[in-house]
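Below is one structure, written out as structure tokens; the observations come after it.
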Amino acid sequence: MSTTQDSMDIRYTGEKGPLFNLAFKTGLLTVVTLGIYRFWQKTRIRKYIWSSVDAGGDTFEYTGTGIEKLLGFLIAVVFLAIYIGIIQMVLFYAGLSVMVDPQRASPQEMIAQTIALYITFFAVLPFILYAVYRARRYKMARTRWRGIRFGMEKGAWGFVWRAMGYGFLAVITLGILTPLQTFRLEKYQADRSYYGSARFTQTGKWTELYPAMKHMLIGIGILVLSFALIGGGAVSENVGLIGFGGFAAFVGYVWVIIGGIHYGVQSFAYLTANKVLGDDIHFTAAPRTGFVIKTYIVGGLLVGLLASVAFGIVGTIAAAFIPLLQNGGGMIAFGIVMAVGYVVALVLTQALSLILITQPILAHYIEKLEIVNADGLNRIAQREAETGVDAEGFADALDIGGAI
Amino acid sequence: MSRVPHGGTRPPPLETSGDFFDGETAFARPVNLRIDTDRRLLTGDGIDWPVDDIREVMDQAGGDLIVLRLKGDPVARLILRHGDIRPRLPNRRRSAPLVRRGRLFGWALAAVTSVALILFVLVPLMADQLAEYIPPSGEKALGEVTLTQIREALDDTGLSPVSFCTAPKGEQALRKIEARLTAQMATPVDLSVHVLNHEMVNAFALPGGQIVLFRGLIDEATTPEELAAVFAHEIGHVISRDPTRHALRSAGSIGVLGLIFGDFAGGAVVLLLAEQLIEAQYSQGAEGAADVFAHDLMIRAGLSPAALAVMFERFRALGGDAEGFIGHFLSHPGLGDRIAAARDAVPAGFRPRPLLAADEWRALQDICSDGTLY
Ligand SMILES: [Zn+2]
């Protein structure tokens, strides 16, 4: 029995240039095909990103296909179109109109509208949560490393009611029980995950996520204090106190946002470090919040700058057409130039945010990951292929799942 | 780089090495490989892959690695570190055959069919039902929201919505026409009539009894009776709740279409909705019914229905310039019939009573000399 802890580094080898080209090219194809190509776009971008993840010299492979995503989407659309249609009909029968002119509506109308929006949201919520689980399961089933499949057991509906329950608990405790929600839901999903014949297990305790939540709680504390200051200032008619309270509210707001990012990064680190694959394969994860925030800010500024340059060029070209506007042909040419330019600039912006924000953050998470006791990987055998017909169709139809 | 073999000469033998994953275990096995040109095989220890059946996994990062798979084998992979094998694999770029093709086409067909059913059967049916049950307050709100959307869509400057024309004398004249018409109606309706400061020759009705006349229409009319005829026609739409039905139908269709085309078309959807409402295309039956209603109302108010025919003829003469009316009146083939019907509706020996005094009519033509945004 060897006692040396052999560890395996994970590297991210993706580059900006090729990914930008891929995202831009497939983005234009998506526009040309009125959005239908987006399933193939997503597939090809994932193939690139997955293959950029190199663990011990072997890269990951994404084996999903565009056609199965399209099929899953069609299935979800058929279902959701009917379901949402029926919900809307019921709401109308109940006399709750979702359409209210906010400038003229009476308070009763506003309340009715709010209720109607909530009913619609809560009617769709189970499917959003269902889609979250299904999308993760689909991605696992279509991921391979060293030729061995990842996988995840069925259990989307179990996830739905747990997510609703823990979400409710987190809300009524004003976020204090968020770590319970994060931990239990991740455990539910991790414990149903496999790599080949080996199962993942989520160990650890939910209370140990509180240190990661520290900055969020500080931010909330500042906000509560600032409201007290503003309230106190209003009662005593002290303008200075109100001004100070407003400043404190701003600080608290920023603190909560940064604290939220910190919680996201550090809870991921804790949960990953406490996952076990098989009997003895462990992980270490040390992503840094500072890096993630820096990438958001610097990348966001760069994307904004380059995007405004792109839209500026479109505007300049369009301006050259204005003298032609007098006749009908010029009007049409102007419209076409504007529409094409706008769409190209939009696709460009999406591709830029992929290479300047999404990819660097992903790369950071992956580079800071390490597999401990990697020897055990050699004993893992293949698992059965999974054939779910709906792929991640519900996630696509409900537009969740983010950049990749 | 790639040496294309000349006709007749055999390509040189090729030897390479890489890692093999058999797809059964996660163990990477180093292999030495060579191409057997006689049998057209890529062979190595335990590997006999026909070169024609070898495919390359595409969209891979790191151009120095080449990932090969065998057609029909979903899991086994060969990872090579040199791309010089690429020219020797004639079908490496060919895509995987479509599996379960029947099921795919079945679902695609089902999806298209059900979307079509939803759009052309379920949504209109629901809209017609809902138009009966929607509470008056909801209908009013629906009309107000759509009116705001239309005013924003019509604006060319991109600064503020098209304004309402509200010169007081002109408004008085407009109320007089309204009162003359509504006084003769069996069941009173709650109307709110606006004039929009826009050159389009158009008029339309919106849910909740809103009737919108365009400045272009007033400019085009030569007598107040012609304006009253269009007014009466729009009241006909209000009475039969055509706008409500139409708005609900558009909203439903656009909701379903938005779901299908996703975020990508999100902004375009609102524009489409406004467009649809301006170019309100009711069925020929609904237009005919509104005409009949207008004839009847005009006669009862002591006005000649022939004024409607005059207005229709004006639209026809305007032809392509009357953009808004292409949807509203010209799109229906029976415009000639409708003109004839309006003339036929005039009873024998009918003596119309005057509608507006000359100065009132001038004030109405001048209604856009003053305006408001609300
Ligand atoms: Zn009409």
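Proteins get letters first, then strands, A, B, ... in listed order; numbering begins at 1 in each.
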A:Thr59, part contacting chain B, at a heavy-atom distance under 4.5 Å: side chain
Checking heavy atoms, do the side chain of A:Tyr195, its backbone, both or neither come under 4.5 Å from chain B? side chain
Counterpart residues, salt bridge (charged side-chain N to carboxylate O under 4.0 Å, His left out), relative to A:Asp58 (two or more places apart): A:Arg146
Strictly by modelled atom types, are A:Arg199 and A:Tyr194 linked by a side-chain donor-acceptor pair under 3.5 Å? yes
Residue pair A:Leu22 / A:Arg44, side-chain heavy-atom distance below 4.5 Å: yes
So what's closer than 4.5 Å to chain A heavy atoms on B:Arg81: side chain, backbone, both or neither? side chain
Is any side-chain heavy atom of B:Arg86 closer than 4.5 Å to a side-chain heavy atom of B:Ile66? yes
So for A:Ser197, is it side chain, backbone, both, or neither that comes closer than 4.5 Å to the heavy atoms of chain B? neither
Part of B:Asp22 within contact of chain A (heavy atom distance under 4.5 Å): neither
Given heavy-atom pairs under 4.5 angstrom as the criterion, report whether the side chain, backbone, both or neither of B:Val75 touches chain A. both
Distance (rounded to the nearest 0.5 Å) between B:Ile54 CD1 and B:Leu78 CG: 7.5 Å
